[in-house]
Number of protein chains: 2
Amino acid sequence: MELKEARDRFIHTWGTLSTQWGINRTMSQIHALLLLSDKALNADEIMEELQISRGNVNMNLRDLISWGLIFKQLIPGERKEYFVAEKDIWKVTRQISRERRRRELTPLLDAMNDIRNSIKDQEEARGLLKIVNDIDAVASLADSTLELISREESQWLVSTFARLTQKG
Amino acid sequence: MELKEARDRFIHTWGTLSTQWGINRTMSQIHALLLLSDKALNADEIMEELQISRGNVNMNLRDLISWGLIFKQLIPGERKEYFVAEKDIWKVTRQISRERRRRELTPLLDAMNDIRNSIKDQEEARGLLKIVNDIDAVASLADSTLELISREESQWLVSTFARLTQKG
DNA sequence: AATAATTTTCAGAATATTTTGAAAATTCAA
DNA sequence: TTGAATTTTCAAAATATTCTGAAAATTATT
């Protein structure tokens, strides 16, 4: 396979898989492109490479920045804004953990709490209360796990955990 | 809050949050409804409760079955098919882990492998190879973790892990 | 068999999401 | 300042996803 072809395949795969996780395809493709690029790219270069509009590029660059996955890089003498991706995949993983925790788990835990509070004294709400508590427990576990992953020093623990999973 | 109102809120919350994980809203709502119900429900009851069409109900019941989250229950003397959800949330979690692993991680790992094989001898593909390997490592870790969670005996280990995350 | 009940399918409708592209806003240089 | 370069915004278009509902298929009953 040609190098170019392999790069395109990588970008394409990344874009496709991401939609299953509820992440915008273009956002993932831009991310993949920047991950592969050893120099910073500007909006025009991204438009050209991925064949998408300026508005689309701009919007998704903003999103990627808000996820903490890419950064603006100002190049001396250049007027345009350039963007680079965080290349350390462990940092990327931690950052995604952090954001998904904040954006998804915290709201879920809050919602479960609200419901629990609203029914806690009602005898006839036993069934609902049990499910809410169970889901709260699983979500709390997921939350703790992501919190752990998102810590600076987590990598050794994560790999320890991984090793644990290899055997029985 | 009324019990009915709390139940509806639960169903609604579950439906909303699920879309962020790339899961169909209606599918999640049906799941939530069945989680809350202590008796098996048939298609008409689900249509009525969630105010959705027969086709929609049918399709999403199939999907939930394919995810292993609900089961058909035949009631003696009844012509209609009834459905019950697996109520043990740990089992549910394990089942979801199993399926996401199969549907999402395995394809990603395969794709990374294909790309790696296609470029492994090319000196000029160093950068791409590094990213592919890094992503493969993270995906493998996620894969192992889900594999662990999906095991029958995993619960104690999962809680141990959770406890680890509480402290430093 | 014929009929009635139930489930499944799937084309078209409805809805939601993403993308475009051009106008508006902003930023920088002269 | 003015104006050119660049970025941002956002209404409308394009696309993707979900949902409906009625017809077709299947299953059970008489």
Side-chain angles (χ1 to χ4, degrees), chain A residues 11-34 40-67 69-84 103-104, chain B residues 11-34 40-67 69-84 103-104:
Chain A
I11 291 169
H12 182 261
T13 302
W14 204 233
T16 306
L17 269 287
S18 70
T19 58
Q20 288 185 303
W21 287 85
I23 287 155
N24 177 295
R25 205 184 82 227
T26 304
M27 177 167 145
S28 302
Q29 289 185 338
I30 295 177
H31 187 216
L33 177 63
L34 289 175
L41 300 179
N42 63 39
D44 290 277
E45 290 166 330
I46 296 170
M47 288 168 66
E48 166 64 21
E49 181 78 38
L50 301 178
Q51 291 294 305
I52 55 180
S53 73
R54 182 175 304 284
N56 198 4
V57 167
N58 184 270
M59 189 164 195
N60 284 294
L61 285 172
R62 289 320 111 202
D63 273 357
L64 283 165
I65 287 173
S66 86
W67 274 83
L69 299 176
I70 68 169
F71 306 95
K72 238 182 234 187
Q73 188 167 83
L74 296 179
I75 294 187
E78 281 269 18
R79 177 78 178 274
K80 284 179 177 157
E81 292 177 332
Y82 283 74
F83 300 88
V84 283
R103 295 171 192 227
E104 292 158 21
Chain B
I11 292 169
H12 182 262
T13 303
W14 205 231
T16 306
L17 269 286
S18 70
T19 58
Q20 288 186 304
W21 288 86
I23 288 155
N24 178 295
R25 204 184 83 230
T26 304
M27 175 169 148
S28 303
Q29 289 184 339
I30 295 177
H31 187 216
L33 176 62
L34 289 174
L41 301 180
N42 63 38
D44 290 278
E45 290 167 330
I46 296 170
M47 286 168 67
E48 166 64 21
E49 180 78 37
L50 301 179
Q51 291 294 304
I52 55 181
S53 73
R54 183 176 303 284
N56 198 4
V57 167
N58 185 271
M59 188 163 196
N60 284 294
L61 285 173
R62 289 322 110 198
D63 273 358
L64 282 165
I65 287 173
S66 86
W67 274 82
L69 299 175
I70 68 170
F71 306 95
K72 239 184 235 187
Q73 188 167 84
L74 297 180
I75 294 187
E78 282 269 18
R79 177 79 178 273
K80 285 180 178 159
E81 294 178 331
Y82 284 74
F83 300 89
V84 282
R103 295 170 191 228
E104 292 158 21

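Quick note on labels: first sequence line is chain A, next is B, and so on, each numbered from 1. Values below: all heavy atoms of this structure, side chains included; hydrogens, waters and symmetry mates excluded.
Going from atom CZ of A:Arg25 over to atom C1' of D:dT15 covers 10 Å, rounded to whole Å. One atom, CG of B:Leu50, and another, P of D:dC19, lie 11 Å apart when rounded to the nearest Å. What separates CD of A:Gln29 from P of C:dT18 is a distance of 13 Å, to the nearest Å. Look at CD on B:Glu48: it is 14 Å from P on D:dT20, rounded to the nearest Å. Separating the CG atom of A:Asn24 from the P atom of C:dT20 is a distance of 11 Å, rounded to the nearest angstrom. Straight-line distance from the CD1 atom of B:Ile30 to the C1' atom of D:dC19: 11 Å, rounded to whole Å. Nucleotide D:dC19 holds its P atom 14 Å from the CD1 atom of B:Ile46, rounded to whole Å. Atom CE in B:Met47 sits about 9 Å away from atom P in D:dG21, given to the nearest Å.
Summary of helix geometry: the two end axes of the helix from C:dA1-D:dT30 to C:dA30-D:dT1, each defined by five base pairs via their C1' atoms, are inclined to each other by 10° (rounded to 10°).
With a 6.0 Å radius and a threshold of 12 heavy atoms from other residues, nucleotides or ligands, A:Met59 has its CE atom at or below the threshold.
Closest approach of A:Leu34 to A:Leu61, counting heavy atoms only: CD1-CD2, 4.4 Å. Closest heavy-atom contact between B:His12 and B:Gln29: CA-NE2, 4.2 Å. Nearest heavy atom pair, residue A:Ala40 against residue A:Gln73, reads CB-OE1, 3.4 Å.
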Would B:Glu45 and B:Phe83 count as a side-chain contact (heavy atoms from CB on, under 4.5 Å) here? Give the steps.
CA-CA 11 Å; B:Glu45 290 167 330; B:Phe83 300 89; over 6 Å; no
List the steps, then state whether side-chain contact (heavy atoms from CB on, under 4.5 Å) holds for A:Asn24 with A:Asp63.
CA-CA 10 Å; A:Asn24 177 295; A:Asp63 273 357; 6.0 Å; no
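A donor-acceptor pair is defined here as one N or O able to donate and one able to accept, closer than 3.5 Å; such a pair exists between the side chain of B:Asn60 and the backbone of B:Asn56.
Both A:Ser53 and B:Thr19 lie near DNA chain C, and the one whose nearest nucleotide falls closer to the 5' end is B:Thr19.
The side chain to side chain contact (heavy atoms under 4.5 Å, CB included) with B:Trp67 is formed by just one residue from the set B:His31, B:Arg103, B:Arg62; it is B:Arg103.
Between A:Thr26 and the phosphate of C:dT19, there is a side-chain N or O to OP1/OP2 separation shorter than 4.0 Å.
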At under 4.0 Å between heavy atoms, how does the protein contact nucleotides 5-13 of chain C? Give one character per nucleotide, 5' to 3', with B, S or -.
BSBBB----
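Sorted by first and then second residue, the pairs that involve residues 69-79 of chain B and meet salt bridge (Lys or Arg N to Asp or Glu O under 4.0 Å), not counting sequence neighbours, are B:Lys72-B:Glu81.
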